[in-house]
Amino acid sequence: MWTYEKKLEYPINIKTPNPNLAKLIASQYGGPHGELGASLRYLSQRYSMPYPELKAILTDIGTEELAHMEMVSTIIYQLTKGLSAEEIEKSSLAPYFTDHTNGIYPVDANGVPFTAATFSVAGDPVTDIHENLAAEQKARTTYENLLRFCKDDPDVADPLKFLREREVVHYQRFGEGLRIITDHLNSRNFYAFNPAFDAKPKR
Amino acid sequence: MNDKQALLLQLQSARFALWELSIFLDTHPENRKAFQMMQEYQKKNDALTKKYEELYGPLTSDSGSENRWEWITEPWPWENEANAEEVKLDVDL
């Protein structure tokens, strides 16, 4: 089970609304490189993971991604708070507003709803950890692209920089996890069998 | 920044350090130095959590804080009022 901590992992206090920016940042909630997909990816992969350190890192990073989902949602919430219908109509957020008003709903930057088709659970430790290494890099790229759009508002850029940095740290932890997996396998052929499914071959 | 936001910012800093050490230890379970640092930050986090909850109400639903009403009425994390206006720490962690 989980316990909710009534605080953000990193503070967010945005003073100036910006509906166009909110529409773009929404992608890190419900888009292909977003935090919702990250959390579901890791928390779903852990069941078929045979190694204890990897069960721990998938559970813990999957949990931290939930806190990042909350941060991205908070940025969207604060960027769209207090806007008039006229201000929204003039912005790129108008189509989103039509269906969701000021509610927070997981979509990508083009308004396409969240889909689990953006991530993979292969049930093979080597494959799943490579998926995660790629996912952390994809999220870093998207945060860097978002940072190009908010240079004039440190209230938004600051938490995005924090989130970008977490992608780098998680990539590092997953890299160490991959090394722990291959240490369990035959160095002459890491792919001889799937340790989550096949019985370990007799020597 | 008001006193509550400043105390929460200190708590968030200690909590983050504790978290970072925890996930480092997932892949380095035998690193004694990281384990000792984690214990130090655990103490800091516990003390700051206790102080915050006595003044402003519970941070978790199982905190045992007597101010149960504040769980409901105090600002929620996504609201501006709950957050420091800028991340500036004047304490040495």
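Convention: sequence-line order gives letters A, B, ...; per-chain numbering from 1.
The candidate from Thr59(A), Thr3(A), Ile12(A) with the greatest count of non-hydrogen atom pairs under 4.5 Å with chain B is Ile12(A). The residue among Val169(A), Ile75(A), Asp158(A) with the most heavy atom pairs within less than 4.5 Å of chain B is Val169(A). When the candidates Thr74(A), Ile61(A), Asp155(A) are compared by the number of heavy-atom contacts under 4.5 Å with chain B, Thr74(A) comes out ahead. Ranked by non-hydrogen atom pairs under 4.5 Å with chain B, the options Glu9(A), Glu64(A), Glu53(A) are led by Glu64(A). The most heavy-atom pairs under 4.5 Å with chain A, out of Glu74(B), Gln5(B), Glu20(B), come from Glu20(B). With chain A as partner, the option from Glu81(B), His28(B), Glu86(B) having the largest number of non-hydrogen pairs under 4.5 angstrom is His28(B).
In this structure, no portion of Tyr51(A) lies under 4.5 Å from any heavy atom of chain B. For a residue to count as touching a neighbouring chain, one of its non-hydrogen atoms must lie under 4.5 Å from one of that chain's; by this rule Arg166(A) touches chain B with the side chain only. Heavy atoms closer than 4.5 Å to chain A are found in both the backbone and the side chain of Trp71(B). When heavy atoms are compared at a cutoff of 4.5 Å, Ile57(A) approaches chain B by way of both its backbone and its side chain. Only the side chain of Leu8(B) comes within contact range of chain A, judged by heavy atoms closer than 4.5 Å. Both the backbone and the side chain of Tyr4(A) come within contact range of chain B, judged by heavy atoms closer than 4.5 Å. For chain B, the nearby parts of Asp60(A) are the backbone and the side chain; heavy atoms of each come within less than 4.5 Å.
No donor-acceptor distance shorter than 3.5 angstrom exists from the side chain of Asn110(A) to the backbone of Val112(A), with no hydrogens or angles considered. Between the side chain of Ser84(A) and the backbone N or O of Glu87(A) there is at least one donor-acceptor pair closer than 3.5 Å.
More than 12 heavy-atom neighbours from other residues, nucleotides or ligands sit within 6.0 angstrom of NZ on Lys81(A). Counting heavy-atom neighbours within 6.0 Å of Lys15(A) NZ, excluding the residue itself, gives a total above 12. For Glu89(A), the CD atom is loosely surrounded, since the number of other residues' heavy atoms within 6.0 Å does not exceed 12. At most 12 heavy atoms of other shown residues, nucleotides or ligands fall within 6.0 angstrom of atom CZ in Phe35(B).
Salt bridge annotation for Arg15(B)-Glu5(A): present, with a cationic side-chain nitrogen under 4.0 angstrom from a carboxylate oxygen.
In terms of heavy-atom proximity, Pro32(A) sits nearest to Ser27(A) at CD-OG, 4.2 Å.
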**Item:** Test side-chain contact (heavy atoms from CB on, under 4.5 Å) applied to Leu160(A) and Val156(A), step by step
**Value:** CA-CA 7 Å; Leu160(A) 289 182; Val156(A) 182; 4.1 Å; yes
